[in-house]
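Working notes for the structure below.
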Amino acid sequence: MVANSRTSIRVDRLRPLNLPRPVNIELDHHALPTAVTSDNKRKAVESVGEIWQVDDEWWRERIARRYIEVMLEGGGHVVLYEDQITGKWFMQDP
């Protein structure tokens with residue numbers, strides 16, 4: 001157990017973690033990513049891991065996303081997702 005530091009919580013020290021970043025994706029004929037371009041840097045996808053679908057919030061603002069876990073060249077492990085409503089792709093660290 002960690003002792004209480006008795007310091008107050010400071011809102012200015014909080015920051016969101018793992019925000020998605022917009023990326024450009026190259027897809028193969030199976031609609032799987034083959035390359036990711038972010039910040040004008042292109043990296044090939046070395047392997048595809050899990051793929052899952054999230055469909056939620058249909059009663060408010062609908063969410064429809066296809067997530068794909070990938071390994072990029074050089075060993076980068078990221079999660080890509082396609083917003084199936086807008087068609088835009090995003091990248092997050094796992």
Side-chain angles (χ1 to χ4, degrees):
M1 185 171 197
V2 177
N4 184 350
S5 67
R6 299 197 196 310
T7 59
S8 61
I9 296 175
R10 295 182 52 186
V11 176
D12 64 328
R13 298 282 185 195
L14 300 176
R15 63 181 174 84
L17 298 176
N18 204 13
L19 285 176
R21 301 177 302 277
V23 292
N24 292 316
I25 302 291
E26 296 172 32
L27 301 172
D28 66 10
H29 62 282
H30 296 292
L32 294 175
T34 58
V36 177
T37 303
S38 175
D39 300 326
N40 293 322
K41 296 177 187 171
R42 183 185 180 277
K43 290 196 174 186
V45 172
E46 290 183 351
S47 66
V48 174
E50 286 188 69
I51 300 172
W52 66 98
Q53 181 76 30
V54 173
D55 291 299
D56 200 9
E57 303 277 332
W58 54 267
W59 64 94
R60 286 192 280 186
E61 187 174 336
R62 183 172 170 241
I63 297 171
R65 295 178 179 168
R66 178 174 68 128
Y67 287 85
I68 304 173
E69 180 184 34
V70 300
M71 287 294 277
L72 300 175
E73 68 181 329
H77 178 223
V78 297
V79 175
L80 306 172
Y81 75 84
E82 176 188 17
D83 182 323
Q84 295 181 316
I85 297 169
T86 65
K88 295 180 181 178
W89 283 88
F90 297 88
M91 179 172 66
Q92 289 182 286
D93 296 323

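Under the side chain to side chain contact (heavy atoms under 4.5 Å, CB included) criterion, E61 pairs with no residue, sequence neighbours left out. With sequence neighbours left out, the side chain to side chain donor-acceptor pair (under 3.5 Å) criterion links R65 to Y67. By the side chain to side chain donor-acceptor pair (under 3.5 Å) test, E73 is found to be paired with no residue, residues two or more places apart in sequence or in another chain being considered. Every residue two or more places apart in sequence or in another chain that forms a side chain to side chain contact (heavy atoms under 4.5 Å, CB included) with P94 is listed here: H77, V79. Applying the salt bridge (Lys or Arg N to Asp or Glu O under 4.0 Å) rule to D83 yields no partners; only residues at least two apart in sequence or on another chain are considered. Under the side chain to side chain donor-acceptor pair (under 3.5 Å) criterion, R42 pairs with E26, not counting sequence neighbours.
Under a hydrophobic clustering in which Ile, Leu, Val, Met, Phe, Trp and Tyr are joined whenever their side-chain heavy atoms come within less than 4.5 Å, directly or via other members, F90 and W52 fall into the same cluster.
Sorted by first and then second residue, the side chain to side chain donor-acceptor pair (under 3.5 Å) pairs involving residues 27-40 (not counting sequence neighbours) form an empty list. For the salt bridge (Lys or Arg N to Asp or Glu O under 4.0 Å) condition, the pairs that include at least one residue of residues 84-94, sequence neighbours left out, are R21-D93.
In this structure, V36 belongs to a hydrophobic cluster whose other members, linked by side-chain heavy atoms under 4.5 Å apart, are V23, I25, L27, L32, V45, V48, I51, I68, V70, L72, V78, L80, W89, M91.
More than 12 heavy atoms of other residues, nucleotides or ligands shown are found within 6.0 angstrom of CD on Q53.
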